[in-house]
Amino acid sequence: MLRSQTETMSAAIANVDSIVVTPFDKPYEQPTEFAERIARNQQLLLKEEAHFDKLVDVSGGSYTIEHLTDAIAKEGWKLFLAVEEAGGFLAEALKGNIVNAVNASNDKRHAAAATRREFILGTNQFPNFNEKSEGKRPCVSLCCNSVAAKETAELPQLNTQRLASEFEALRLSTEKAQKQPIAFMLTIGNLAMRQARAQFSCNFLAAAGYKVMDNLGFKTVEEGVDAALAANADIVVICSSDDEYAEYAIPAFKYLDGRAMYVVAGAPACSEDLKAAGIENFIHVKSNQLETLRAYN
């Protein structure tokens, strides 16, 4: 609902002619009466409480939005001219070029979501740690392209996969497993850095449906590892500062001795030394979150 409300607000700011908010439960069931009512209210909030309908140009005077609008218009016009020069929309569609262009754009967005360059609130960023599917499964949608493809099998198919679908499939696969993996944060050293890295790691791993256990901090790595094993942890994530990893990471790895998966939160300067000692797993802002979590599963 947070996502759809933000998208609705964006549409209103863009001065669209009409808005229809999709009920939040549509991806997995026939929308309920409650979901339909919420969707209507989302529009009414912007109209009756935010007064977006009282302004001729909601974003007027905003340099950022007007600059982006101008840039989108210019790029859109270039694309329009290119299609016209190639023979028009129908000719390009029959060649498969339109679908290929849309799919290429879709692939880029999915790649951006997988590497967290594009956030999906509640999915790959700030997931609900305790949420369960309760039997809900994604609905299979049949778009017009799928119907047309039966008649023109030689044409490429439009990829209609939602941006969050791969993360949802990952989380559902974890939920179906016999045991929910437990990820334990071994926080040690610099207070600010260990807390920041623990928060990042919890969000990173909870996106796959893992049970994450944060901690206030340990005086020694041995104390942290013992606590992790006592909690039956499947993954132990050491969270500290880059400088302190040179001191703590290898002793913790050796003391753990393969009794759980060992992960270093971050990409410290001493990474090569850590890898030479046998440490294989690192998670950080440049990690491909989707591929990493699939590998962990």
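FYI, side chains are in, hydrogens and waters are out, and symmetry mates aren't considered; it's all heavy atoms of this structure.
A distance-only check finds a donor-acceptor pair linking the side chain of Asn124 to the backbone of Ile120 [under 3.5 Å]. Distance alone, capped at 3.5 Å, is enough to place a donor-acceptor pair between the Asn103 side chain and the Gln157 backbone. The closest donor-acceptor contact from the side chain of Ser287 to the backbone of His284 lies under 3.5 Å. For Arg116 (side chain) and Gln289 (main-chain N/O), no donor-acceptor pair under 3.5 Å exists by modelled atom type. Side chain of Asn100 to main chain of Gly96: a donor-acceptor pair is present (N/O by atom type, distance under 3.5 Å, no hydrogens or angles). In this structure, the side chain of Gln180 engages the main chain of Gly209 through a donor-acceptor pair within 3.5 Å. Side-chain atoms of Glu66 come within 3.5 Å of backbone atoms of Gly61 as a donor-acceptor pair (strictly under, hydrogens ignored).
Judged by distance alone, the side chains of Asn297 and Thr174 do bring a donor and an acceptor atom under 3.5 Å apart. Under 3.5 Å, the side chains of Ser4 and Gln42 contain a donor-acceptor pair of N or O atoms. No hydrogens or angles considered: nothing links the side chains of Ser10 and Glu7 as a donor-acceptor pair under 3.5 Å. Counted by atom type alone, His110 and Gln161 present zero donor-acceptor pairs between their side chains at under 3.5 Å. Under 3.5 Å, the side chains of Ser133 and Arg137 contain a donor-acceptor pair of N or O atoms.
Across all their heavy atoms, Gln43 and Ile19 have their closest contact at OE1-O, 2.9 Å. Minimum interatomic distance between Ala207 and Pro127 (heavy atoms only, all atoms of both residues): N-CG, 3.8 Å. Heavy-atom minimum distance, Pro156 versus Val99: O-CG1, 3.8 Å. For the residue pair Ser240 and Gly189, the shortest heavy atom distance occurs at OG-CA, 4.0 Å. Closest approach of Glu223 to Lys219, counting heavy atoms only: OE1-N, 3.4 Å. Heavy atoms only, all atoms of each residue included: Arg197 and Ala267 are closest at NH2-N, 4.5 Å.
By the neighbour-count criterion of 12 heavy atoms within 6.0 Å, atom CG of Leu44 is densely surrounded, having more than that number from other residues, nucleotides or ligands. Applying the 6.0 Å contact sphere to NZ of Lys47 captures no more than 12 heavy atoms from other residues, nucleotides or ligands. Enclosure of atom CD in Glu280 is not indicated, since only 12 or fewer non-hydrogen atoms of other residues, nucleotides or ligands lie within 6.0 angstrom. The number of heavy-atom neighbours closer than 6.0 Å to NZ of Lys95, taken from other residues, nucleotides and ligands shown, is above 12. Applying the 6.0 Å contact sphere to CD of Gln199 captures no more than 12 heavy atoms from other residues, nucleotides or ligands. Under a cut-off of 6.0 angstrom, the local environment of CZ in Phe89 is sparse, with at most 12 non-hydrogen atoms contributed by other residues, nucleotides or ligands. Other residues, nucleotides and ligands place no more than 12 heavy atoms under 6.0 Å from the NZ atom of Lys74. Atom NZ of Lys179 sits in a crowded spot, with more than 12 heavy atoms from other residues, nucleotides or ligands closer than 6.0 Å.
Expressed to the nearest 0.5 Å, how far SG of Cys270 lies from CG of Asp243 amounts to 8.5 Å. With values rounded to the nearest 0.5 angstrom, Glu85 atom CD is found 10.5 Å from Glu92 atom CD. Put simply, OG1 on Thr187 and CD on Gln195 are 8.5 Å apart, with the number rounded to the nearest 0.5 Å. Summarising the geometry, atom CZ belonging to Phe119 is positioned 10.0 Å from atom CG belonging to Leu121; distances are rounded to the nearest 0.5 Å. Here the SG atom belonging to Cys202 is positioned 12.5 Å from the NZ atom belonging to Lys211, to the nearest 0.5 angstrom. To the nearest 0.5 Å, atoms OG1 (Thr292) and CG (Asn281) are separated by 8.5 Å.
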One pair to check against salt bridge (Lys or Arg N to Asp or Glu O under 4.0 Å): Glu118 and Arg109. What are the steps and the verdict? CA-CA 7 Å; Glu118 180 167 347; Arg109 287 200 67 194; 2.3 Å; yes
Check the pair Glu244 / Arg194 against side chain to side chain contact (heavy atoms under 4.5 Å, CB included), numbers first and verdict last. CA-CA 10 Å; Glu244 290 171 306; Arg194 78 191 190 206; over 6 Å; no
Assess the residue pair Gln5 and Met1 against the criterion (side chain to side chain contact (heavy atoms under 4.5 Å, CB included)); give the C-alpha distance rounded to whole Å, side-chain angles, the decisive distance to 0.1 Å, and a yes or no. CA-CA 6 Å; Gln5 186 70 352; Met1 286 190 283; over 6 Å; no
Test side chain to side chain contact (heavy atoms under 4.5 Å, CB included) applied to Lys136 and Asp25, step by step: CA-CA 10 Å; Lys136 302 180 183 74; Asp25 57 350; over 6 Å; no
Apply side chain to side chain contact (heavy atoms under 4.5 Å, CB included) to Asp57 and Ser59, showing your working. CA-CA 6 Å; Asp57 185 0; Ser59 61; 3.4 Å; yes
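In this structure, Asn232 has no side chain to side chain donor-acceptor pair (under 3.5 Å) partners at least two apart in sequence or on a different chain.
Cluster partners of Val221, by chain and number: Ile182, Phe184, Leu186, Ile188, Met213, Phe218, Val225, Leu229, Val236, Ile238, Tyr245, Tyr248, Ile250, Phe253, Tyr255, Leu256, Tyr262, Val264, Leu274, Ile279, Phe282. The rule joins Ile, Leu, Val, Met, Phe, Trp and Tyr whenever side-chain heavy atoms lie under 4.5 Å apart. Through direct or relayed side-chain contacts under 4.5 Å between Ile, Leu, Val, Met, Phe, Trp and Tyr, Leu293 connects to Phe129, Phe167, Leu170, Met185, Phe200, Phe204, Leu205, Tyr210, Val212, Ile235, Val237, Met261, Val263, Ile283, Val285, Leu290, Tyr296.
The existence of a salt bridge linking Glu168 and Arg171 is excluded, since no basic side-chain nitrogen approaches an acidic carboxylate oxygen closer than 4.0 Å. Under a 4.0 Å N-O distance rule, the pair Glu291/Arg294 does not qualify as a salt bridge.
Clustering ILVMFWY residues whenever any of their side-chain heavy atoms sit less than 4.5 angstrom apart, transitively, puts Leu55 in the very cluster that holds Leu46. Met9 and Ile65 fall within the same hydrophobic cluster, where Ile, Leu, Val, Met, Phe, Trp and Tyr residues are linked whenever their side-chain heavy atoms come under 4.5 Å apart, directly or through other members. Under a hydrophobic-cluster definition in which Ile, Leu, Val, Met, Phe, Trp and Tyr are linked whenever side-chain heavy atoms come within less than 4.5 Å, directly or via other members, Val58 and Leu45 are assigned to different clusters. Under a hydrophobic-cluster definition in which Ile, Leu, Val, Met, Phe, Trp and Tyr are linked whenever side-chain heavy atoms come within less than 4.5 Å, directly or via other members, Ile98 and Phe80 are assigned to different clusters.
Side-chain contact check for Thr22 versus Pro27: every heavy-atom pair is 4.5 Å or farther apart. Proximity of Lys78 to Glu75: side-chain heavy atoms (C-beta onward) are separated by under 4.5 Å at one or more points. Proximity of Pro138 to Arg162: side-chain heavy atoms (C-beta onward) are separated by under 4.5 Å at one or more points.
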